[in-house]
Amino acid sequence: MKKIISHSEAETEKTAFDLARTLSPGTVLTLNGDLGAGKTVFARGFARGLGVGEAVSSPTYTIAQEYLLPDGKRLYHLDLYRISSAAAGLAFGVDEFLNDPNAFALVEWPERVGDVIPDSAIRIFISHLDENQREISIDL
């Protein structure tokens, strides 16, 4: 597990940007952390690393945001906070987002769907250290 201390949103974005540049389509990443921990900030940096130029926000009410990448691949950003169970996630079609070999999937609140998340997923844990600092743990 790789641990990084971020001192600002810009550092969190840079960490995610750099990680995105090393991964291949078909990768699923889970973003774990409390409300306000910085999951969406991380997602924004990750999207930038893949070449997304448009605004990136949390898809809390829409559950999924889809971004077209410059190479024609896709980034799916899922916020499963409003999903109540794995069965509800499957009914929504979460598994299709997670199993697309031509896309990256970022999943906030992955615990809501349990075993639907592939074992191969990269797990990112973000925790508050203080108002500005976050510990980012990446389980590759």
Side-chain angles (χ1 to χ4, degrees):
M1 177 147 339
K2 179 179 182 179
K3 291 190 180 200
I4 298 157
I5 303 299
S6 169
H7 300 92
S8 66
E9 283 191 9
E11 284 185 20
T12 297
E13 284 190 33
K14 174 86 168 84
T15 296
F17 180 98
D18 292 344
L19 178 61
R21 314 277 293 172
T22 69
L23 301 175
S24 302
T27 301
V28 174
L29 296 94
T30 65
L31 300 177
N32 304 271
D34 294 332
L35 284 170
K39 296 182 296 290
T40 301
V41 172
F42 189 95
R44 188 170 50 232
F46 191 86
R48 298 284 176 265
L50 296 177
V52 173
E54 64 190 276
V56 174
S57 60
S58 181
T60 301
Y61 295 102
T62 57
I63 300 178
Q65 294 279 9
E66 182 177 333
Y67 302 94
L68 183 62
L69 304 179
D71 64 0
K73 307 283 194 257
R74 299 191 183 284
L75 167 63
Y76 301 124
H77 181 194
L78 308 173
D79 184 328
L80 304 181
Y81 186 75
R82 300 198 181 287
I83 298 289
S84 59
S85 66
L90 289 170
F92 180 76
V94 167
D95 54 324
E96 293 177 29
F97 294 109
L98 301 178
N99 294 306
D100 185 341
N102 293 308
F104 297 85
L106 287 173
V107 184
E108 296 187 37
W109 303 100
E111 65 274 13
R112 304 282 193 191
V113 296
D115 292 342
V116 173
I117 302 295
D119 291 337
S120 61
I122 296 171
R123 285 158 172 77
I124 312 288
F125 300 89
I126 304 173
S127 18
H128 290 95
L129 296 179
D130 63 31
E131 187 174 324
N132 296 312
Q133 292 186 85
R134 303 293 189 264
E135 180 179 270
I136 302 168
S137 301
I138 303 171
D139 190 4
L140 296 168

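If you're wondering where the values come from, they're calculated on a predicted model, not measured in any experiment.
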**Prompt:** What pairs with E135 under side-chain hydrogen bond (donor to acceptor under 3.5 Å, both in side chains), at least two apart in sequence or on another chain?
**Reply:** none

**Asked** Sub-3.5 Å donor-acceptor pair from the side chain of K2 to the main-chain atoms of D139, do we have one?
**Response** no

Just distance, no hydrogens or angles: give the donor-acceptor pairs under 3.5 Å from side chains in residues 41-49, sequence neighbours left out.
from: R44; atom 1: NE; to: E13; atom 2: OE2; distance (Å): 2.8
from: R44; atom 1: NH2; to: E9; atom 2: OE1; distance (Å): 3.4
from: R44; atom 1: NH2; to: E13; atom 2: OE2; distance (Å): 3.1
from: R48; atom 1: NH1; to: V52; atom 2: O; distance (Å): 2.9
from: R48; atom 1: NH1; to: E54; atom 2: O; distance (Å): 2.9
from: R48; atom 1: NH2; to: E54; atom 2: O; distance (Å): 3.2

**Asked** Are I4 and L140 joined in one hydrophobic group, where the rule is that I, L, V, M, F, W and Y side chains link up if heavy atoms are under 4.5 Å apart?
**Response** yes

Please output the side-chain donor-acceptor pairs of residues 113-130 that fall under 3.5 Å, not counting sequence neighbours, one pair per line with the distance.
from: R123; atom 1: NH1; to: A121; atom 2: O; distance (Å): 2.9
from: H128; atom 1: NE2; to: G36; atom 2: O; distance (Å): 3.1
from: D130; atom 1: OD1; to: N132; atom 2: N; distance (Å): 2.9
from: D130; atom 1: OD1; to: Q133; atom 2: N; distance (Å): 2.8
from: D130; atom 1: OD2; to: Q133; atom 2: NE2; distance (Å): 2.9

**Item:** Any donor-acceptor pair under 3.5 Å from T15 side chain to E11 backbone
**Value:** yes

**Item:** Pairing residues for T12 by the side-chain hydrogen bond (donor to acceptor under 3.5 Å, both in side chains) criterion, not counting sequence neighbours
**Value:** S6

**Message:** Nearest 0.5 Å, please: how far is OH in Y81 from CD in E108?
**Reply:** 12.0 Å

**Asked** Should D71 and L50 be marked as a side chain to side chain contact (heavy atoms under 4.5 Å, CB included) after you check the CA-CA gap, both sets of side-chain angles, and the distance that decides it?
**Response** CA-CA 9 Å; D71 64 0; L50 296 177; over 6 Å; no

**Request:** Answer yes if L29 and V56 sit in the same cluster of Ile, Leu, Val, Met, Phe, Trp and Tyr residues linked by side chain heavy atoms under 4.5 Å apart, and no otherwise.
**Result:** yes

**Request:** Give a yes or no on whether L80 and Y67 share a hydrophobic cluster (residues Ile, Leu, Val, Met, Phe, Trp, Tyr; joining criterion: side-chain heavy atoms under 4.5 Å apart).
**Result:** no

**Request:** Look at the side-chain heavy atoms of Ile, Leu, Val, Met, Phe, Trp and Tyr, link any pair under 4.5 Å apart, and say whether L31 and F92 land in one connected group.
**Result:** no

**Side-chain donor or acceptor of K39 paired with backbone N/O of D34 under 3.5 Å** = yes

**Message:** As a quick check of understanding, evaluate side chain to side chain contact (heavy atoms under 4.5 Å, CB included) for I5 and R134, giving each step before the final call.
**Reply:** CA-CA 6 Å; I5 303 299; R134 303 293 189 264; over 6 Å; no

**Message:** Measuring from atom CZ of R74 to atom CG of L68, what distance do you get when rounded to the nearest 0.5 angstrom?
**Reply:** 5.0 Å

**Request:** Begin from the C-alpha positions of S57 and Q65 and carry the test side chain to side chain contact (heavy atoms under 4.5 Å, CB included) through to its verdict.
**Result:** CA-CA 8 Å; S57 60; Q65 294 279 9; 4.2 Å; yes

Identify all side-chain donor-acceptor contacts of residues 95-107 below 3.5 Å with residues at least two apart in sequence or on another chain.
from: N99; atom 1: ND2; to: D95; atom 2: O; distance (Å): 2.8
from: D100; atom 1: OD1; to: N102; atom 2: N; distance (Å): 2.8
from: D100; atom 1: OD2; to: Y76; atom 2: OH; distance (Å): 2.9

**Message:** If I take atom OG from residue S137 and atom NZ from residue K3, how far apart are they, to the nearest 0.5 angstrom?
**Reply:** 4.5 Å

**Prompt:** So which pairs with a foot in residues 16-33 pass salt bridge (Lys or Arg N to Asp or Glu O under 4.0 Å), sequence neighbours left out?
**Reply:** K14-D18

**Request:** State the CH2-CG distance between W109 and L78, to the nearest 0.5 angstrom.
**Result:** 14.5 Å

